[in-house]
Amino acid sequence: MTHQTTFKILEDIAQDLSGDQVTFPTFLDVTFKVRGALKNANLNIEQLAKLVSTEPLMSAKIIRMANSAALNVSGQPVADVKTAIVRVGVEAVRTISFAVAMEQLILSRQMRTFAELSRKLWDHTAHTAAICRILAPKIAPGVNADEAMFAGMVHDIGVFYLLSRAAPYPELAQDHDALFDLLAGWHDNIGHALLFALGQPEHILIAVQEHEQNRELKREKNLSDVLFIANKIANTMSSWQGEPDENDFARIAQILDANTLQDIRERSREDIASLKQALGS
C-alpha cells in the first residue's frame, strides 16, 4: 500500500511539473511576488523596499540579516527595510523570500504529521545556506557568496515539496523507510524540476541537482562544488537524514585542509549562527 502511495505522489508531481501550467504550492506565494519584482530591470531600492515592507516576516528577516555578525562589519545596526536591503544586497532578498516560504510551509497545519522531520530539515537548510556564504570566498573566489547562500537555501527544496505532497497520506508517516526512500531518492531531481519551473538560472539548477553526487574536485571550484562541500559539512553538524555519515567526515577531510575546515567550524561559528538566526525563526 505504501509503495502505491509513493508511486501516486510521484505520478502526480510528474504531471504537475511537466505541464505548461504548473500548479505551485501556496507556500511559494511570497517567492513569486519577489521573483516577479526582481525580473523588472528598472526596479529600484525604494520600490523593492516597499514590496518587502508588505510582508512583515520578510521585513524582519532582512533587517535581522543586515544586523548579523556576518554582514554588519561596521557594528552599526539598521532598523529600516531600505537600509537593510542596501546592506544585504538584492540576492539576499531572493534568498530570504524562499526562507519565508519554506518556514510558512513548516508551520502550516498540513505539516504537523512531519513536525520533527521538518524541524531537522529546516535547521539543515539554514546551516547549509550559511556555510555556503562563508565557504564560497575561501575555496571559490569566482563564486558570488550571496548566490552561494541562495543555492544553499534551495538545495533541499525538493524535500520540502515532497513532504507537502506526502502530508495527506498518513501511512507514509508511519513507514519511515518508505518515506526516506522517497525523499532521498527523488528530492534532487524534483528540486531541479521545481526550480526550473520557477525560472531559476541553469547553474543553480545544476548545483541543486548534483549536490548529493560525489565528484572529483578541480582546483578551480564552481557553485556546484561549493554547495556539495557545504552540504557535506552541514550533514556532520545538522542532518535531516539521521546520524552523521562517517563517509561525510572522510570525504570532507579529502577536500579541505585541516586549517580551512577548522576556520569554518570555529572562527566562522558566529557568522554561521547569526546567518542561521536571520534565515530561521
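- Within the 4.5 Å cutoff, side-chain heavy atoms of Lys82 are placed close to those of Ile45.
- Sparse packing is recorded around CZ of Phe196, with 12 or fewer heavy atoms of other residues, nucleotides or ligands lying under 6.0 Å away.
- For Ala151 against Leu223, the heavy-atom pair with the smallest separation is CB-CD1, 4.1 Å.
- Side-chain polar atoms of Arg87 and Gln76 form no donor-acceptor pair below 3.5 angstrom.
- Arg165 CZ to Thr5 OG1: the interatomic distance, rounded to the nearest 0.5 Å, is 13.5 Å.
- Without hydrogens or angle criteria, Thr128 side chain to Ala230 main chain gives no donor-acceptor distance under 3.5 Å.
- Contact check for Gln110 versus Ser164: side-chain heavy atoms found under the 4.5 Å cut-off.
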What's the verdict on side chain to side chain contact (heavy atoms under 4.5 Å, CB included) for Ile96 and Val100, showing C-alpha distance, side-chain angles and the deciding distance?
-> CA-CA 6 Å; Ile96 291 174; Val100 171; 4.2 Å; yes

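- The line from OG1 of Thr125 to CD of Glu103 is 11.5 Å long, rounded to the nearest 0.5 Å.
- Side chains of Ser238 and Asp123: a donor on one and an acceptor on the other come within 3.5 Å.
- A distance of 6.0 Å or more separates the ring centres of His211 and His192.
- Using a 4.5 Å heavy-atom threshold, the side chains of Lys138 and Leu256 count as separate.
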List the steps and the verdict of side chain to side chain contact (heavy atoms under 4.5 Å, CB included) for Leu121 and Leu183.
-> CA-CA 11 Å; Leu121 175 61; Leu183 300 178; over 6 Å; no

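- For Leu43 against Ala37, the heavy-atom pair with the smallest separation is CD2-O, 3.4 Å.
- In terms of modelled atom types and a separation under 3.5 Å, the side chain of Ser97 and the main chain of Arg94 share a donor-acceptor contact.
- Separating the CD1 atom in Ile62 from the CD1 atom in Ile85 is a distance of 5.0 Å, to the nearest 0.5 Å.
- Shown here for Ile157 and Gly191, the closest heavy-atom pair between the two residues is CG2-CA, 3.9 Å.
- Here the straight-line distance linking atom OG1 of Thr6 with atom CG of Leu172 works out to 4.5 Å at 0.5 Å rounding.
- In this structure, Val78 is not a member of the same hydrophobic cluster as Met65, with clusters built from ILVMFWY side-chain heavy atoms closer than 4.5 Å.
- At least one side-chain heavy atom of Leu10 sits less than 4.5 Å from a side-chain heavy atom of Leu182.
- Linking Ile, Leu, Val, Met, Phe, Trp and Tyr residues whenever their side-chain heavy atoms come within less than 4.5 Å leaves Ile206 and Leu195 in two separate clusters.
- Judged purely by atom type and a 3.5 angstrom limit, Arg133 has no side-chain atom pairing as donor or acceptor with the backbone of Asp146.
- Taking OG of Ser59 as the reference point, atom CD of Glu55 lies at 8.0 Å (rounded to 0.5 Å).
- More than 12 heavy-atom neighbours from other residues, nucleotides or ligands sit within 6.0 angstrom of CD on Glu46.
- Considering only heavy atoms from C-beta on, Val143 stays 4.5 Å or farther from Lys221 through its side chain.
- Contact record, Gly152 with Cys132: CA-SG, 4.0 Å, taken as the closest heavy-atom pair.
- Note on Tyr161: it does not cluster hydrophobically with Phe7, by side-chain heavy-atom contacts below 4.5 Å among ILVMFWY residues.
- Counting heavy atoms from C-beta on, the side chains of Met153 and Met102 come closer than 4.5 Å.
- Residue pairs that meet the ring pair (Phe, Tyr, Trp, His ring centres under 6.0 Å) test with at least one member in residues 76-110, sequence neighbours left out, are Phe98-Phe150.
- Looking at heavy atoms from C-beta onward, Leu48 lies in side-chain contact with Val90 at the 4.5 angstrom threshold.
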Residue pair Trp186, Ile13: steps toward the side chain to side chain contact (heavy atoms under 4.5 Å, CB included) verdict | CA-CA 11 Å; Trp186 290 93; Ile13 290 174; over 6 Å; no

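- Going from atom CG of Leu179 over to atom CG of Asp175 covers 8.0 Å, rounded to the nearest 0.5 Å.
- Side-chain contact between Glu210 and Asp188: absent, with no pair of heavy atoms (C-beta onward) separated by less than 4.5 Å.
- Donor-acceptor pairing under 3.5 Å is lacking for the side chains of Asn144 and Glu91.
- Pro77 and Asn67 get closest at one heavy-atom pair: CA-OD1, 3.1 Å.
- Lys8 has no carboxylate O lying under 4.0 Å from a charged side-chain N of Glu11, or vice versa, which leaves the two without a salt bridge.
- In this structure, His155 has its ring center under 6.0 Å from that of His124.
- Here the side chain of Gln47 pairs a donor or acceptor atom with the backbone of Asn44 at under 3.5 angstrom.
- The closest donor-acceptor contact from the side chain of Asn231 to the backbone of Leu227 lies at 3.5 Å or more, if one exists at all.
- Trp240 and Asn235 share no donor-acceptor pair across their side chains, judged by distance under 3.5 Å alone.
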From CA spacing to verdict: side chain to side chain contact (heavy atoms under 4.5 Å, CB included), Asp225, Arg215 = CA-CA 9 Å; Asp225 297 329; Arg215 78 285 303 274; 3.1 Å; yes

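- Looking at every heavy atom in both residues, Ala173 comes nearest to Thr113 through CB-CG2, 3.2 Å.
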